[in-house]
Amino acid sequence: MPSRSEKQRRLMGAALSYKRGENKHPSAEIKKVADSMSEKDLEDYASKPVGKKKGK
């Protein structure tokens, strides 16, 4: 399930990088999100939504 906004997508991406060990100094909010969700859920939220093509 993709995020509803760009801001939410960036937060989930930051939490995902922290969970994978790529981000060494995250904020408290990022730690909280990363600890409360699985890596798979974070990947789903951090992914960009697939839009519908116009004209068809």
Quick one: list whatever passes side-chain hydrogen bond (donor to acceptor under 3.5 Å, both in side chains) with [X], sequence neighbours left out.
X     : answer
Ser38 : Asp41
Lys40 : Asp44
Glu43 : Arg20

Does Val33 form a side chain to side chain contact (heavy atoms under 4.5 Å, CB included) with Leu42? I'd like the steps, not just the answer.
CA-CA 9 Å; Val33 171; Leu42 288 171; 4.1 Å; yes
Closest contact, heavy atoms only, Ala34 versus Ala15: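 Shortest heavy-atom separation between Ala34 and Ala15 comes out as CB-O, 3.6 Å.
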Heavy-atom pair with the smallest gap, counting every atom of Ala14 and Asn23:
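Scanning both residues, the minimum pair turns out to be O-ND2, 4.2 Å.
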Query - Counterpart residues, side chain to side chain contact (heavy atoms under 4.5 Å, CB included), relative to Ser5 (two or more places apart) - result: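 Partners of Ser5 by the side chain to side chain contact (heavy atoms under 4.5 Å, CB included) criterion, ordered by chain and then number, come out as Lys7, Gln8.
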Q) Rounded to the nearest 0.5 Å, how far does CE of Met12 lie from CE of Met37? A)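 Here the rounded value is 4.5 Å.
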Salt bridge (charged side-chain N to carboxylate O under 4.0 Å, His left out) contacts touching residues 21-34 (sequence neighbours left out):
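Applying salt bridge (charged side-chain N to carboxylate O under 4.0 Å, His left out) to every pair that reaches into residues 21-34, excluding sequence neighbours, yields nothing.
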